[in-house]
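Notes follow once the structure below has been shown.
Indexing begins at 1, ligand by ligand and atom by atom, following the structure's order.
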Amino acid sequence: MNLASVMQSERKLLVPTYDRHKILLQAGSGMYLRDSNGKKYLDFLSGIGVNALGYHHPAVQKTLKQQAARLIHVSNLFYHEYQSELARRLVRISGLERTFFCNSGTEAWEGALKFARAYARSQNHNGHKPKWRVLALGNSFHGRTFGSLATTGQAKYREPFAPLMPGVSFVAFNDTADLKKKFDVSVCAVCVEVIQGEGGIRPVSAEFLQLARKLTKASGALLLVDEIQSGLGRTGHYFAYQHHRIQPDIVTVAKPLAAGLPLGAILTTNRVANALHPGMHGSTFGGGPLACAVAIEFLRVLDSLLVHVRKTSEYFVRQLNELKSKHNCIRDVRGLGLMLGIELDTAERAKAAVSQMMEQGIIINRTNGNTLRFLPPYIIEKKHIDQLICTLDAVLSSGTPEPAKQLSTISRSTRRKNQI
Ligand SMILES: Cc1ncc(COP(=O)(O)O)c(C=O)c1O
């Protein structure tokens, strides 16, 4: 099948929820993807933070093949060998004590909200209404299901599906006075992404995070940290909250956990876990043997990559700042580790830059309108960063192209092949 026929049948058969780039990806190796025209792309997006070990990683391939030949799925009515081993590794790196496995980021976040409500009920010994309110941050993103949407601080995601879960109030991003004002004894959970990903690579301040920890601890509420995008090595530590030396009560992870297979997890304390009992929460697919075996392998490889992520990040940030000093259109360089973004002056320029970068064979992404987001695989090397910077430099130097001019930068043969 070629791109044109795939596009044509998707147009008829799929629910139109995605505005895809007109590229048909067919294979990957290391830092690179290849499309149906044989064009190679240097990947600075990793499938939005999933392919942290790049493509066709030998350790992942080996475990996948071995485990697929033995056992792919068993229901959670039975034991298999890998959940406890994976949980042991996750609690060790997070400083938490218990794990629940699911399939995706939003499912992990839904579970975290349920755990917070269940814990509040379990602590309600005086006959008053249990704590039930949830504080979430403005500009946040926690996923597409109802609880996750309800706590997502961007109206464009919430409004088409209202009414959502009641009891959620939004605190202005990094506004400690607003947090103090909205927090009271009825709050059961404060929700934080340590770096807002979909919100434009915006790190929460240490001051805000520490205040959230202090208030929740003092009142018996829980601090819920969404590390679905920022966790599992992405920022150069296992978790982004570890940059701030705080310990949350609940942490959610997903994206890179099983190196491309769907797997999410909720990590929490014994105290919270004790509020749950069999039947209160569950998942048919969550934590199957194939995904868990691959995730154990991912965590094994990750141990040896953290220092590399930190070192490479230092170089990357330096290069981005140098680029900023050359281009007035770059307003800000933000992020930690290999979760980085540059804010441009306009959304149009950012949109044009993404498509021109792809024309030049480099995949980046735009988030929150005018921010270029970089989430490369952790195996990235300096030479890849040099290639990105050099290409971005040229793209930003060329100015914002008119739509007609943009199309003309696509080679004639590519247009003919892709029928665009
Ligand atoms: C911080 C954060 N939370 C939750 C999600 C939702 O994850 P999923 O798309 O796997 O449901 C995302 C996805 O981008 C995310 O970045």
Quiz item: When you look at T145 and E110, which way does the side-chain hydrogen bond (donor to acceptor under 3.5 Å, both in side chains) test go after all the steps?
Solution: CA-CA 8 Å; T145 50; E110 290 287 331; 2.6 Å; yes

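- Against a heavy-atom cut-off of under 4.0 Å, K255 is close to the following atoms of ligand 1: 13 (C), 14 (O), 16 (O).
- Residue contact check for ligand 1: F141 places a non-hydrogen atom closer than 4.0 Å to it.
- Counting protein heavy atoms under 4.0 angstrom from atom 9 (O) of ligand 1 gives zero.
- Side-chain contact check for Y157 and R144: no donor-acceptor pair (N or O, by modelled atom type) lies under 3.5 Å.
- At a cut-off of 3.5 Å, with distance as the only test, a side-chain donor of N103 or S283 sits close to an acceptor on the other residue.
- Looking at ligand 1, you'll find an N or O of G105 within less than 3.5 Å of one of its N or O atoms.
- A ring-centre distance under 6.0 Å is not found for H308 and Y378.
- Close contacts between ligand 1 and T106 involve ligand atoms 6 (C), 7 (O), 8 (P), 11 (O) [criterion: under 4.0 Å to a heavy atom].
- Counting heavy-atom neighbours within 6.0 Å of N270 CG, excluding the residue itself, gives a total above 12.
- In this model, a donor atom of one side chain and an acceptor atom of the other lie less than 3.5 Å apart for D393 and H327.
- Using modelled atom types, one finds no donor on one side chain facing an acceptor on the other under 3.5 Å when comparing T235 with S230.
- Within the 4.0 Å heavy-atom shell around ligand 1 one finds D226.
- Here the shortest heavy-atom distance to atom 4 (C) of ligand 1, taken over Q196, R144, H142, belongs to H142.
- The shortest N/O to N/O separation between Q229 and ligand 1 falls below 3.5 Å.
- For the pair E193 and ligand 1, the shortest N or O to N or O distance does not fall below 3.5 Å.
- Applying the 4.0 Å criterion to heavy atoms of E198 picks out, from ligand 1, the atoms 14 (O).
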